[in-house]
Amino acid sequence: MHLEIEQLSHTFAGRPPRAALAELSFAVPSGQFTAVIGPSGCGKSTLLRLAAGLLPVQEGSLRLGGQTPAQAGAQRRVAWMAQSPALLPWRTVRDNVLLALRFLPAGHAARLSADEALARVGLSDSANAYPFMLSGGMQQRLALARTLMLDAGLWLMDEPFAALDELTRERLTHELLDLWQAQRPTVLWVTHHIQEALRLADRVVVLSPRPARLILDLPVDLPRPRPESSPAFQALLSRLRAALGLAAAPAEEGA
Amino acid sequence: MKPRAVWNPRDLLSAGVIVLTFFLLWELGVRLLDMPVYLLPAPSRVILTLFQNTSLYAQATALTLGEALVGLVLGLSAGFLLASVLVLRPGLEGGVMTLAILVKSTPMVAIAPLLTLWMGFGVLPKIVITALMTFFPVLVNILTGLQRTDPALLDLFRAWHASRWETFIFLRLPSSLPYLFAALKISAPLALIGAVVAEWTGASGGLGRTMWLAYTNLNLPYLFAAIFILAAVGMFLYQFLAWLEARAVFWQVPRQD
């Protein structure tokens with residue numbers, strides 16, 4: 001699904017009002033994996049919430065496959081995944097996945113059955129368990145299964161693996177990449193992690209401190225998998241670090 | 001999955017030892033100080049009175065417990081319905097909560113004789129007082145529970161375009177279960193107090209009336225026997241609710257890593 005953002009501004013009411021986005025413009029072609037990176041509180045999550053229809057568009061335009069976020073959302077063309085796996089603790093793993101189907105509009109079918117979706121993320125053996133019996137990584141896999149099952153053309157992912165330990169996070173990002181390559185939805189991936197953005201995305205969009213403006217649009221034309229030690233990877237990393245105003249130190253640093 | 005044990009044998013044993021020690025000291029104190037029975041009867045005398053009048057106490061307990069439970073169910077239903085309306089129609093909250101606080105702030109001890117005067121010596125005024133006493137904690141707790149739904153889950157339901165009603169049924173309601181049990185555990189002992197206080201103001205039966213008669217006749221073994229029953233019933237109700245909570249809100253079982 002093609003995503004088009006034009007002159008998008010958003011201000012939160014309050015005293016004083018807080019501008020989150022200022023005349024932001026960029027487009028994401030269908031099937032592209034785009035990482036959005038920027039300093040904490042710069043408005044990355046606001047951008048995703050606007051695209052998910054969780055916030056109303058105030059100024060500018062945001063079109064998802066030619067539709068407004070509300071229209072695209074109503075047709076379930078958009079999947080939303082946040083840092084919290086957002087699971088219902090009183091429902092089993094399978095029932096958590098099945099619940100998403102309950103709200104599908106008439107005539108819409110799921111892309112996968114609940115059991116197929118659980119199998120894709122390696123949770124078949126835990127189908128009858130409850131979420132509190134799962135590790136943090138398994139809980140995010142369950143949220144991912146819910147995303148996979150819906151036939152959404154756009155995945156909005158707001159740091160879904162940020163709360164996980166480094167090993168689990170690494171494993172899950174690899175698995176996510178495999179699932180994305182099999183299904184090829186458009187992905188807008190918000191992250192603080194510069195290396196992760198370069199390992200995963202076709203393109204990295206760098207936003208300025210609040211109110212967010214586009215300060216760098218960096219295509220990542222490297223074949224996957226992308227070893228971090230390669231000179232090409234390091235060159236892109238340096239450009240990203242420079243755009244974010246970070247010293248060109250080799251150690252990883254949060255943006 | 002095994003719900004957490006409510007009747008933990010170790011806790012029961014330690015509680016039993018403390019209660020037994022308390023009664024032993026009480027018994028010894030009364031005997032050594034030769035305490036007159038109209039001031040403080042020995043616990044053995046109270047228990048003897050209880051066993052000599054089992055039928056009287058059983059009838060009184062059944063009546064008081066019945067009034068308390070019916071009042072509790074009414075208070076619970078009213079509090080739950082009103083909390084649900086306030087969540088589904090948030091604009092009403094300010095006005096309704098002001099009225100609810102007014103009800104809460106009105107001393108029920110002052111209202112009870114009036115209700116007895118208006119409604120007679122039957123069970124009705126007792127049920128009304130009990131319902132009024134339990135209504136507020138239920139309303140506040142359930143309202144809090146319905147409002148404090150995980151924002152990440154609310155976002156997900158909004159992204160799914162779930163209606164307000166669907167969000168209420170599938171998300172807010174089950175999320176509020178822990179608050180419902182917290183409300184019940186506060187309200188159940190309040191319901192017993194409400195029924196007893198209402199009976200003091202005039203009744204044809206019940207533990208409150210038994211206590212009142214015993215007090216006016218300075219028959220303290222009778223009075224203490226009723227107090228013992230009330231304490232035991234209150235504890236049983238609380239433990240039963242805790243047992244039920246462990247099964248209904250099973251997902252709050254501590255993780256065993």
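Here is the naming used below: chain letters follow the sequence lines, and residue numbers restart at 1 for every chain. Values in this document were obtained by computation on a predicted structure and should not be read as measured data.
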If one checks every heavy atom of Leu156(A) against chain B at 4.5 Å, the contacting part turns out to be neither

Max heavy-atom pairs within cutoff under 4.5 Å with chain B, candidates Ala82(A), Ala74(A), Ala52(A), goes to Ala74(A)

Applying a strict 4.5 Å limit to non-hydrogen atoms, the region of Ala79(A) in contact with chain B is neither

Note: Trp160(B) and Leu150(A) closest approach over all heavy atoms is NE1-CD1, 4.1 Å

Applying a strict 4.5 Å limit to non-hydrogen atoms, the region of Phe157(B) in contact with chain A is side chain

When the 4.5 angstrom heavy-atom criterion is applied to Ser175(B) and chain A, the contacting part is both

Arg89(B) CZ: over 12 foreign heavy atoms closer than 6.0 Å: no

Note: vs chain A, highest number of non-hydrogen pairs under 4.5 angstrom among Leu154(B), Asp150(B), Asp155(B) is Asp155(B)

Next item on the list: Could you label the plane-to-plane angle of the Phe250(B) and Tyr130(A) rings as parallel, tilted or perpendicular, counting under 30° as parallel and over 60° as perpendicular?
Entry: perpendicular

Per-residue tally against chain B (heavy atom, under 4.5 Å) across Gly73(A), Ser84(A), Ala70(A) peaks at Gly73(A)

If one checks every heavy atom of Leu171(B) against chain A at 4.5 Å, the contacting part turns out to be both

Requested in this report: Count the heavy atoms belonging to other residues, nucleotides or ligands that lie under 6.0 Å from CZ of Arg172(B), then report whether that count exceeds 12.
Outcome: yes

CZ of Arg111(A): more than 12 outside heavy atoms within 6.0 angstrom?
yes

Plane angle bin for Trp251(B) and Trp90(A) - parallel if under 30°, tilted between 30 and 60°, otherwise perpendicular: tilted

On a heavy-atom basis, the closest approach of Leu54(A) and Arg158(B) is O-NH2, 2.6 Å

Report task. Evaluate the criterion side chain to side chain contact (heavy atoms under 4.5 Å, CB included) for residue pair Leu88(A) and Phe170(B); output intermediate values, then yes/no. Result -> CA-CA 9 Å; Leu88(A) 302 175; Phe170(B) 290 102; 5.6 Å; no

